[in-house]
Structure formats: structure tokens, C-alpha cells
Amino acid sequence: LITGNDGFVGRHLVRLLDKKKMPWVGYDLTNGQDIRNVHDLDCVFEKYQIRYVIHLAACAGIRKSKLYPERYISTNVFGTQNVVDMCNKYNVEN
């Protein structure tokens, strides 16, 4: 699972994995997938039997974080905790 697969780093990682013909599952807000949504995140972990996670999803940008601090905190802190919780629940290897 690659969270934030449509971001700058995520896009480059996906291209590399595609080039190496390595399978991956993406999870990104641009596709309506929010790491703050525990139910949807849980469904993805269960459906795809996730074994590895590269967590890149986050709200970025200093200026916007000052305008919308609740969004940044809820995504970057609580959303990350949701990813960690799913990794524990599904015994993700790495």
C-alpha cells in the first residue's frame, strides 16, 4: 500500500514500481480516499491483504497549515495513527 501515491514523491515511487513490474495499491485523497476515514482504510487493508506500507500521505505546506490547522493535525497526526493501527490489526510485515 502506498498512501499519498498521487503526491510528488508517491508519483515517482509508483513509476519506479511500474517500471520494475512490482504490484502496488494506492490510497490518495485525490481519489477520494482519506486516511482519516478508518472504515475505508480498513476495507482496503482487508480487500488487498496488505503486507507492506509506504506511508506518504500528509497535508503539506506551512502557509496553509496556519490557515487550516485542524485539517493538518487531523490528517498528519490522527490519519497517520489510523495507518499505524491498520498495520497492527493486519500484521503488516513492513
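None of these values were measured; they are calculated from a predicted model.
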Tell me if a side-chain donor or acceptor on [X] pairs with a main-chain N or O of [Y] at a distance below 3.5 Å.
X: Y27; Y: D34; answer: yes
X: Y90; Y: Q49; answer: no
X: T75; Y: A58; answer: no

Criterion side chain to side chain contact (heavy atoms under 4.5 Å, CB included) against Q33, the qualifying member of N31, T30, L29, N37:
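Running side chain to side chain contact (heavy atoms under 4.5 Å, CB included) over N31, T30, L29, N37 with Q33 returns exactly one hit, N31.
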Find out if a path of hydrophobic residues (ILVMFWY) with successive side-chain heavy-atom gaps under 4.5 Å connects [X] to [Y].
X: F45; Y: V25; result: yes
X: W24; Y: M22; result: yes
X: I54; Y: V14; result: yes
X: Y48; Y: V92; result: yes
X: I62; Y: V77; result: no

Can you establish whether the number of heavy atoms outside L67 located under 6.0 Å from its atom CG is more than 12?
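Counting other residues, nucleotides and ligands, CG of L67 exceeds 12 neighbours.
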Once side-chain hydrogen bond (donor to acceptor under 3.5 Å, both in side chains) is applied, do any residues pair with Y52, and if so which ones, sequence neighbours excluded?
E93
Taking all atoms of both residues into account, what is the closest heavy-atom pair of [X] and [Y], and its distance?
X: A60; Y: Y72; value: O-OH, 2.8 Å
X: I35; Y: V83; value: CG2-CG2, 4.0 Å
X: D6; Y: D28; value: N-OD2, 2.9 Å
X: G4; Y: A57; value: N-CB, 3.7 Å

Any chance you could lay out the side chain to side chain contact (heavy atoms under 4.5 Å, CB included) test for K89 and E46, step after step, and finish with the verdict?
CA-CA 10 Å; K89 179 178 179 180; E46 185 174 352; over 6 Å; no
Rounded to the nearest 0.5 Å, how far does [atom2] of [Y] lie from [atom1] of [X]?
X: N91; Y: M86; atom1: CG; atom2: CE; value: 12.0 Å
X: C87; Y: L41; atom1: SG; atom2: CG; value: 8.5 Å
X: E70; Y: C59; atom1: CD; atom2: SG; value: 11.5 Å
X: R71; Y: N76; atom1: CZ; atom2: CG; value: 9.5 Å

With side chains defined as the heavy atoms from C-beta onward, is the minimum distance between L17 and I2 less than 4.5 Å?
yes
All salt bridge (charged side-chain N to carboxylate O under 4.0 Å, His left out) counterparts of K64, not counting sequence neighbours:
none
For side chain to side chain contact (heavy atoms under 4.5 Å, CB included), just list the numbers for V53 and N94, CA-CA rounded to whole Å, side-chain angles, deciding distance to a tenth of an Å, and then say yes or no.
CA-CA 6 Å; V53 173; N94 290 310; over 6 Å; no
Taking it one step at a time, do N82 and D42 satisfy side chain to side chain contact (heavy atoms under 4.5 Å, CB included)?
CA-CA 9 Å; N82 291 340; D42 189 44; over 6 Å; no
Test side chain to side chain contact (heavy atoms under 4.5 Å, CB included) applied to L56 and N5, step by step:
CA-CA 7 Å; L56 302 172; N5 63 288; over 6 Å; no
